Amino acid sequence: LEFQSTDLTVKTVFLAVLNFGKSFLGSFAIGVLVALVSALLYRLARMHEQHEFQTLEVTLLFLFPYSAYLIADGLGMSGIVSILFCGI
């Protein structure tokens with residue numbers, strides 16, 4: 001929104017593209033980082049082998065992408081992009 005009141009010049013277009021790239025790459029990094037942490041937790045905890053942890057496993061399945069969203073949104077990045085890359 002900071003670009004709405006300025007004239008359209010090469011500098012403002014470059015700054016807008018740079019701002020978009022920063023937001024996208026930051027959201028990408030947050031999503032991948034949360035996904036790696038969740039994959040490591042699932043692998044080391046071996047919850048899928050024990051039936052009494054099924055509820056915990058499903059709960060964590062929803063909490064990890066939501067935490068990626070909250071972290072990205074809190075840092076001013078795109079929460080939707082972080083959820084996308086957390087799921088991939």
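Keep in mind that what you see is a predicted model, and the values were worked out from it rather than measured. One is the number of the first residue; the rest follow in order along the sequence.
- Once rounded to the nearest 0.5 Å, the distance linking OH of Tyr69 with CD1 of Ile71 reads 13.0 Å.
- In this structure, Ile83 CD1 and Asp73 CG are separated by 9.5 Å, a value rounded to the nearest 0.5 Å.
- Nearest heavy-atom pair, Lys22 versus Met77, reported as atom, atom and distance to 0.1 Å: O-SD, 3.9 Å.
- Residues Leu60 and Tyr66 do not share a hydrophobic cluster, clusters being chains of Ile/Leu/Val/Met/Phe/Trp/Tyr side chains in contact below 4.5 Å.
- The two atoms that bring Thr55 and Thr59 nearest to each other are O-OG1, 2.7 Å, heavy atoms only.
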Contacts table for residues 27-41: side-chain donor-acceptor under 3.5 angstrom, sequence neighbours left out:
residue	atom	partner	partner atom	Å
Ser27	OG	Ser23	O	2.8
Ser27	OG	Ser78	N	2.8
Ser27	OG	Ser78	O	3.0
Ser38	OG	Val34	O	3.4
Ser38	OG	Ala35	O	2.8

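- Distance check, rounded to the nearest 0.5 Å: CG of Leu25 to CZ of Phe20 gives 9.0 Å.
- When hydrophobic clusters are built by joining Ile, Leu, Val, Met, Phe, Trp and Tyr residues whose side-chain heavy atoms come closer than 4.5 Å, directly or via intermediates, Leu70 is not grouped with Leu63.
- In this structure, Ser82 and Ala68 approach most closely via the heavy-atom pair OG-O, 3.2 Å.
- Taken together through direct or relayed side-chain contacts under 4.5 Å among Ile, Leu, Val, Met, Phe, Trp and Tyr, Leu61 and Phe64 form part of one hydrophobic cluster.
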